[in-house]
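Single-structure report; data block below.
One-based numbering, in listed order, for ligands and for the atoms of each.
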Amino acid sequence: MQVAHHWHADHLIREERCPLCHERSSTHLFIRQDGLPLEECTACRFVYLGVRPDESALHQYYAEHYFTGSFTNSTYSYYFDYAEAVIDLNYCPRLQRLEPFIAQWQGKKVLEIGCAAGATLELLRRKGALVRGIEISAEAVAIARDHYHLDVSCVPFEFFFLANQSYDVIMLFDVLEHLPEPGKTLDRLVDALVPGGFLAVTVPNFSCFDQLGAAWSGVQTYWEHLHYFRPDVLLATLQQRGCILTEIYSFTAAGQQADKGVVQMITEARRVYFQNLLDKFPHLHHFKRFFRSLKFRLTGPPALPRSPDLSGMDMFCLVQKKEDEQS
Ligand SMILES: [Zn+2]
């Protein structure tokens with residue numbers, strides 16, 4: 001059973017307004033096991049922690065072995081093995097989500113917020129993209145820099161300088177829900193895109209709470225998640241910022257609560273997939289421990305089940321910034 005994280009009371013702050021639209025009034029929804037309350041904005045239906053850890057508590061949380069698993073939350077304990085494995089294989093499930101829409105990477109300026117050890121960026125660099133990353137975990141940044149020689153800044157997003165119209169593609173995979181000011185974050189990211197540029201986001205799908213209530217794993221773990229989007233709220237806020245929808249769908253990774261049959265199917269597909277990989281690439285055998293751990297929230301293997309009905313546990317959203325009206 002997941003042990004609730006205990007935030008230090010001195011580092012909790014009250015969120016007086018909706019961090020997406022700045023509305024003051026909200027409806028109380030739920031109290032998580034870590035004691036923090038979920039509030040729903042009465043204006044835009046965004047769901048956020050009415051009391052949240054402050055920036056210094058969050059920076060501390062990520063600084064302390066977030067990706068190496070000695071922390072209570074060991075969800076990411078195999079993360080670096082994973083990064084190495086996908087790079088060795090020249091295959092990253094996350095890129096597969098983008099490639100139907102962005103086939104040509106040569107010369108594209110790409111920024112990834114929360115790039116961890118840089119697996120996705122490294123693969124894009126090999127395809128000719130000009131890549132940059134931001135990552136708060138110093139351990140992850142050390143690997144990205146020393147091992148893959150990537151240009152990664154080890155700063156909290158709020159301190160990162162972003163010039164207007166400077167990127168063709170910006171990616172946040174499982175990152176937006178960690179950032180305290182999502183409205184301001186999205187404003188800055190859309191400003192930083194060139195007209196016609198793409199913004200790719202994955203976040204937990206709060207519609208699952210509407211269906212499952214407290215049984216949804218999304219509110220039973222991941223105490224560092226500060227807010228939650230429903231698909232229509234995410235889409236509306238991006239459209240308000242001058243973006244048009246390219247693709248939105250939900251998905252469910254194995255190990256999460258979902259239809260049992262679906263989980264079994266994915267788990268079996270993964271087992272076969274990884275066994276084939278090990279047969280094909282014997283040098284990956286030292287990652288065996290990782291491959292056996294199917295609890296890890298991988299987004300592969302290929303043939304990922306999508307839920308067009310948006311009932312999956314997480315969602316992927318790709319939008320494009322509108323071209324300038326006069327051009
Ligand atoms: Zn709001």
task = Give, rounded to 10 degrees, the angle between SG (Cys44) and SG (Cys18) as seen from the Zn ion (ligand 1).
result = 110°
ask   = Rounded to 10°, how big is the angle at the Zn ion (ligand 1) from Cys41 SG to Cys21 SG?
value = 100°
task = Please confirm whether Arg132 makes a cation-pi placement over Phe160, using NZ or CZ under 6.0 Å from the six-membered ring centre and within 45° of the ring normal.
result = no
key: Residue pair Asp232, Arg230: steps toward the salt bridge (charged side-chain N to carboxylate O under 4.0 Å, His left out) verdict   = CA-CA 6 Å; Asp232 57 324; Arg230 295 181 176 97; 5.7 Å; no
message = Can you confirm whether Lys109 is buried at NZ, in the sense that more than 12 heavy atoms of other residues, nucleotides or ligands lie under 6.0 Å from that atom?
response = no
message = I'd like to know: is the Zn ion (ligand 1) within the 2.8 Å range of an N/O/S atom from His22, strictly under that distance?
response = no
ask   = Judged by modelled atom types alone, do Tyr249 and Arg97 share a side-chain donor-acceptor pair under 3.5 Å?
value = yes
